[in-house]
Undergrad: 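Dumping the structure here so I can ask a few things about it.
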Amino acid sequence: MSQDRHLILDNCIKCNICVANCPVVKVTDQYAGPKQNGPDLERFRLDEPAAVHPSISYCSNCKTCDFVCPSGVNVATMNCKAKGEYVALNGAPLRDQVLGRVEWICKAAQIAPSIVNWAAGVGPFRAMGEAFFGVAADMPFPRFASKTFLQQFQPKKIANPKGKVLYYPGCYVNYYTPEVGLALAKVLAHNGIEMVVDDFNCCGLPTVSNGLMDAAKAYGVSNLEKLNRYIQDGYAVVTTCPSCNLMLRQEYHELFDMDTTLVTENTYDAFEYLVLLHEKGQLDTQLKALPRRYGYHQPCHLRAVGYGVPSQEILQLIPDLQVLPLDAGCCGLSGSYGFKKEKYPISREIGQNIVRAVEDTGVKQAVTECGMCQLQVNHVTGLPVVHPIELLAEAYGL
Amino acid sequence: MNKKTDVLIIGAGLSGLMAAAKAAESGKKVTVAAKGMGSLSLSSGCIDLWGYDIDDPQQVCPNPLAQIARLGEVNREHPYTKVADVLEESLRCFQGITARYGCDYRDNGGANWLLPTAVGTFRPSFLAPPSMAVKDLDKAKRIVIAGYEELKDFYPEVMAANLARNGNLPESVNIAVVKLRCAWKKLYATTLAHRLEQAEGIKEAVDQIKPHVVSGTVVLFPPVLGERLDIDVAARLSAALGAPVYEVANIPPALPGQRLQQLLLKHLRNMGVDVIIGCTFTGAKTEGNRCLQVTAEGAGKTFTFAAQTYVLATGAFVGGGLDSRIGAVREMIFDLPVCTLEKWASGEFLSMNGHGFNRFGIAVNDRLQPLDEAGQVCLENVRITGANLAGANGPIEKCGNGVALASGYKAGKLAGEVPS
Ligand SMILES: Cc1cc2nc3c(=O)[nH]c(=O)nc-3n(C[C@H](O)[C@H](O)[C@H](O)COP(=O)(O)OP(=O)(O)OC[C@H]3O[C@@H](n4cnc5c(N)ncnc54)[C@H](O)[C@@H]3O)c2cc1C
Ligand code: SF4
Ligand code: SF4
C-alpha cells in the first residue's frame, strides 16, 4: 500500500494544473489548495499521518484536480484521506457529524416529512440553525417526499427479461426525489428489463466528505457484501446518482482498499446501461417529440468517471429535444459543503459560473443527474431542474 | 461501452484542440478524449514559432517564417518541414478563432515580439494575446511594475533590477516598483485573477497604482489579469489608470495559457465537438496498417473507441504520451517506434545545446503518419501531432506551441478530407 502511495506521489511534476483548476482556490484565500494538501503534504504523511493542513476542510471533494492532472495523481483521494486523518485527530464539529450522516437525517425525517419540510423553510429556525450549528440559513434544504421510493416501488414481473437490474437509488432519490427511481423503473420495464430493489446503506460519500472515515467504511462493507450477492446472482447494479456510482465503483477501493472487482465491473450509470442496450439494438427508440430546450449541467462525479455523458447519447434520440451543455464546471454545492455557514459564500460564488452559462444559452430549464446539483442549479438560477431519466420516460409516454 | 466517432483526438493540449477545431469544420463527428489537461495551461499563453537565429543562436530571429522555410535545408527531420505547406494558414486560422472570442492573438508584423518576463528578461514569441503584446516598451518614460505582497512566485524588485540592467531599455526609462496589498490573506495566481474580475479588486489595485502613474507610463503586471473570457481585466485597469497595462510571462499557473485553453474549449463546444477529460487510453487494436479501435479506462472500467481517423496528440514526457525507463522510451498507446538519440541529456542543466530527450519522438511523413525504422507507414489512419513528433527542441528553438498549432491544424485538415 505505502509503495503504491509513493509511486503516485512521485508522478506529481508540480505543474500546478490542479491548483489552476480547483474551483475553491479560485474564490477564497482560506484554502491551501490541491497540490499542497495533496502530493506535497502526502510526502510527509508517509511518515507522519498527522501532517495535515487545517484548511483541508475547504476541499469540496469535487475531484476536478484528479481529472485535470496530466500525470494521473489522485489528488482528491489523498485529500479525502487527509481530511479523515484530521478529523480522527481533532474531531469533527457536531454539525459535520450530523450533515455527514445523511442516512440518519433522512430516516429521522421520515417520521413526519411534511413537518420537517415546513420547519426547514422557516426563517427564524434557519437563523438559529446558523447561529448555533453553523448551517447556512440561505441554502434551501431539499424537500422530503411524503413517501420514500422504496415505499412506492412496485416490482413488475417481466416474462423473458432481456436483463436483470438491481437498482441502487441512494439516499437522495429514496427520500427526496422518488420520481426519478420510478421513472427508471418504467423505462426499464418498457424495454423488457427486470428491476429489483433492496434496502441498502447510504453509499458513504457524505460521510467521507466530512472526514468520518470509520462510518463510511462500515457502510462500504455492508453495501459491498449485499451488492456482491446480487451480482453473483446475475444482476447488473444500476444507479441514477453519479456520486453513489463513483463511490461504489471506485472510492471503496481507493479509500479503503476494499476488493471491489465485481462491483466495479458490474455497476452502471442508468444511461450507461441504456447505451449498452442500444448498442445491442435492444433499446426501443420509438420516442415522441419533446420540442423543448434544456441546459445540461454535468455533475463533477459523473465527469470524474471519465466516459463522457451517456445521458446525452440517449437524449439525442428524442426528436426535437435540445440539450445544450452548460459546461460551467462544478456547481459549487458539493453535497453538504454548501450547507456550512463558512462555506456557503464559496459555494455560491462557484455557482455563478452556472448563472452565466444559463444567461449565455438563454435556457429556461435545466437537466442534470445529481440531486444535489439539481438543488444548487435551482438555487442559483431559479430554473426548474429534472433528471434526464424523467425526460426519457416522458418521451416514451410512460 | 463502445463509442464511435469519425475523428478521435487523443489529448487535450494545444495540438489536440487545434486538430479538433479544424476537423470540426469539415462536418465530421469529432471527439477529443484525454487523461487530463495539456501543457497549454502551463505555458506563457504565447505562441512561440522560432526564437533564435539558426546561424547565430545568440541573436533573436528577426523573421521566424523565413527561418523556418530554411529548415528544409539545414534540418530535414524537424517537424516544421512536415507542416510547412500549412504553417501560415494554420496561424491565420488560429488568429481567426481567437479574434472571434474577443482575444485576438497579435503578430508583430512578421517579426518576433520581445516580451518582458517576470524575471526581467525579454523572450521572443510570435503571437501574443492583447494583454501581453507590449509594443515599444523602450519608448516608455516610466515603467511601473505592480506586484502583490500576498502573491507567491512574483518578485517585482527582481524584475525591476534585471530590466534596468538589460540593454534593451534606454537609461532614461524610470522603473518603479509598486507593492500592492490585497484584502485577502494569501493569493495564488488564480485567486488573484478572480479578485481582479470583481470591481473591488480593480479598485484596490487602481487606488494603489494611480499615484505612481505619470504621462508616458506603462504598467506591467504578473499574468493574473482575470480568468474569464468575458471580462477584459487589462482593459479595465488601463482605462481606470489612464495608462496601458500588460501582463508579463511567468511560471505556471499562468492565466493567459488558461484563458487560451478555455477559449479553444468554448469554440469546440460551439462547433459540436465532444470533449471527454479523465479517460486514459491504454492500447489499440490494429489490423495490417490500420487502427481498428483504441481502448480507454475510466473509473476502473474499460471501454473502446472506434474512429476513421485517430490523432495522437498526447504530448511527450510532460503530457504523458511518452514514458521512459532506463535505456528505453515507449509510446503509450500504439507502441509506435520512438526515435531517440545516443545522448539523452546534456551534462549541463541549462545547456544552450539543449537536452537530447526533447528531440525524442515519433518520426512521420509529410501526412503526419507514423513511420517505422525503415521509413514505412506503420498506421495509415493515425496522425501524430505536437510534442510527440520527433526532431524539435522546443525549449531551445522556442517552437513548442508553434509546432503544436501547425501540426494539429494539419492533422485536423487531413482527417476532414477522409471520405466518409
Ligand atoms: C512549463 C512549460 C512551459 C511552456 N511554455 C511555452 C511557451 O511559453 N510558448 C510555447 O510556444 N511553448 C511553450 N511550451 C511548450 C508547449 O506548451 C508544448 O510543446 C505544446 O503545448 C505541446 O502540446 P501538445 O498538444 O503536443 O501536448 P500536451 O499539451 O502535452 O498535451 C498532451 C495531452 O495528451 C493527454 N494524454 C497523454 N497521454 C494520454 C493517454 N494515454 N490517454 C489519454 N490522454 C493522454 C494529456 O492528458 C494532455 O491532454 C511550454 C511547455 C511547458 C512544459
Ligand atoms: S496537476 Fe498533477 S502533476 Fe500537476 S501539480 Fe497537480 S498533482 Fe502534481
Ligand atoms: S477536490 Fe475539488 S476542491 Fe478539492 S482540491 Fe480538488 S479541485 Fe479543489
Side-chain angles (χ1 to χ4, degrees), chain A residues 11 13-23 25-33 63-73 245-246 249-251 253-254 260-261 263-268 272-273 275-276 279 301 303-310 312-313 324-325 327 349 353 356 360, chain B residues 1-4 11-13 31 33-42 150 153 182-195 198 227-228 230 251-255 257-258 261 265-266 269 274-280 296-303 314-315 317-320:
Chain A
N11 277 348
I13 55 167
K14 310 293 167 210
C15 66
N16 271 318
I17 288 190
C18 51
V19 181
N21 286 280
C22 170
V25 162
K26 196 171 94 174
V27 302
T28 176
D29 62 342
Q30 303 286 322
Y31 183 43
K63 299 208 164 263
T64 306
C65 46
D66 276 11
F67 61 78
V68 296
C69 172
S71 310
V73 181
N245 188 285
L246 188 72
R249 70 203 247 180
Q250 180 169 313
E251 303 291 85
H253 173 68
E254 278 206 337
T260 57
T261 320
V263 170
T264 302
E265 276 169 20
N266 295 288
T267 301
Y268 302 86
E272 186 189 6
Y273 187 83
V275 167
L276 284 172
E279 275 173 12
H301 289 169
R303 194 156 56 152
V305 178
Y307 55 35
V309 186
Q312 292 284 68
E313 291 175 41
L324 310 167
D327 237 338
E349 187 60 32
N353 284 340
R356 279 191 291 274
D360 276 359
Chain B
M1 248 189 331
N2 306 304
K3 289 175 177 275
K4 286 197 188 69
T31 306
K35 170 160 84 171
M37 286 303 182
S39 23
L40 189 54
S41 50
L42 303 181
E150 298 84 356
D153 308 331
C182 169
W184 280 358
K185 280 197 288 230
K186 178 175 61 191
L187 294 170
Y188 286 108
T190 39
T191 332
L192 180 51
H194 182 69
R195 184 150 182 90
Q198 325 292 319
E227 188 204 28
R228 280 162 54 187
D230 58 332
I251 54 168
L255 272 298
Q258 286 269 107
Q261 176 174 296
L265 285 169
K266 181 166 186 182
R269 187 160 72 241
D274 242 341
V275 180
I276 306 173
I277 307 292
C279 91
T280 304
E297 259 170 36
K301 247 197 233 179
T302 305
F303 52 105
T314 47
F317 299 105
V318 175

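All values below were derived from every heavy atom in this structure, side-chain atoms included, with hydrogens, water molecules and symmetry-related copies excluded. Just so we're on the same page: letters track the sequence lines, and every chain starts at 1.
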Undergrad: Please classify the contact between A:T28 and chain B as side chain, backbone, both or neither, with a heavy-atom cut-off of under 4.5 Å.
TA: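 The answer is the backbone of A:T28.
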Undergrad: Pick one of side chain, backbone, both or neither for B:R228, based on which atoms fall under 4.5 Å of a heavy atom in chain A.
TA: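 The answer is the side chain of B:R228.
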Undergrad: When rounded to the nearest 0.5 angstrom, what is the spacing between SG in B:C182 and CG in B:L192?
TA: 6.5 Å
Undergrad: Which residue, A:Q250, A:R249, A:K63, forms the side chain to side chain contact (heavy atoms under 4.5 Å, CB included) with A:V305?
TA: A:R249
Undergrad: Among A:T264, A:V27, A:N21, which residue has the highest count of heavy-atom pairs closer than 4.5 Å to chain B?
TA: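 When all of A:T264, A:V27, A:N21 are compared, A:V27 has the most.
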Undergrad: Using non-hydrogen atoms only, which part of B:Q198 is less than 4.5 Å away from chain A: side chain, backbone, both, or neither?
TA: side chain
Undergrad: Which heavy atom of B:C279 sits nearest a heavy atom of B:A296, and at what distance?
TA: SG-CB, 4.2 Å
Undergrad: Check B:K185 with B:E150, please: is the shortest side-chain N to carboxylate O separation under 4.0 Å?
TA: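 So B:E150 does not pair with B:K185 through a salt bridge.
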Undergrad: With heavy-atom distances below 4.5 Å as the criterion, would you say the side chains of A:Y31 and B:K186 are in contact?
TA: no
Undergrad: Kindly indicate whether the side chain of A:T64, heavy atoms from C-beta on, has any atom under 4.5 Å from the side chain of A:C22.
TA: no
Undergrad: Using non-hydrogen atoms only, which part of A:E279 is less than 4.5 Å away from chain B: side chain, backbone, both, or neither?
TA: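 Answer is side chain: those atoms of A:E279 sit under 4.5 Å from chain B.
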Undergrad: For A:Y273, enumerate each residue passing the ring-ring contact (aromatic ring centres under 6.0 Å, His included) test, keeping only those at least two apart in sequence or located in another chain.
TA: A:Y268
Undergrad: Contact part of A:D360 toward chain B, heavy-atom cut-off under 4.5 Å: side chain, backbone, both or neither?
TA: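 Side chain only.
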Undergrad: Which answer fits B:K266, side chain, backbone, both or neither, if we ask what part of it has an atom under 4.5 Å from a heavy atom of chain A?
TA: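 Side chain of B:K266 only, per the 4.5 Å heavy-atom cut-off to chain A.
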Undergrad: Which atoms of A:C69 come close to chain B, meaning under 4.5 Å heavy atom to heavy atom: side chain ones, backbone ones, both, or neither?
TA: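 Contact with chain B involves the backbone of A:C69 alone.
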Undergrad: With a 4.5 angstrom heavy-atom cut-off, is it the side chain or the backbone of A:E313 that approaches chain B, or both, or neither?
TA: side chain
Undergrad: What pair of heavy atoms forms the shortest contact from B:E297 to B:F303, and how long is it?
TA: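 Shortest heavy-atom separation between B:E297 and B:F303 comes out as C-CE2, 4.2 Å.
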Undergrad: Please look at A:T261 and chain B and tell me whether the side chain, the backbone, both or neither of the residue comes under 4.5 angstrom of a heavy atom of that chain.
TA: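 Looking at A:T261, nothing touches chain B.
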Undergrad: With sequence neighbours excluded, what pairs up with A:R356 under the salt bridge (Lys or Arg N to Asp or Glu O under 4.0 Å) test?
TA: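 Scan of A:R356 (salt bridge (Lys or Arg N to Asp or Glu O under 4.0 Å), adjacent residues dropped) gives none.
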Undergrad: Is it the backbone or the side chain of B:L42 that comes under 4.5 Å from a heavy atom of chain A, or both, or neither?
TA: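 Contact with chain A is through the side chain of B:L42 alone.
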Undergrad: Checking heavy atoms, do the side chain of A:V275, its backbone, both or neither come under 4.5 Å from chain B?
TA: side chain
Undergrad: If we define contacts as heavy-atom pairs under 4.5 Å, which of A:K14, A:E251, A:E349 has the most with chain B?
TA: A:E349
Undergrad: Return the option, out of A:P310, A:P325, A:A20, with the maximum number of heavy-atom pairs under 4.5 Å with chain B.
TA: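 Answer, by heavy-atom pair count under 4.5 Å with chain B: A:A20.
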Undergrad: Identify which of B:R195, B:K3, B:K4 forms the greatest number of heavy-atom pairs closer than 4.5 Å to chain A.
TA: B:K3
Undergrad: With only heavy atoms counted, which part of B:D274 is less than 4.5 Å from chain A, the side chain, the backbone, both or neither?
TA: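 Looking at B:D274, nothing touches chain A.
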Undergrad: Quick check: closest heavy atoms across A:T267 and B:K301, and the distance to 0.1 Å?
TA: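 Residues A:T267 and B:K301, closest heavy atoms: O-NZ, 2.5 Å.
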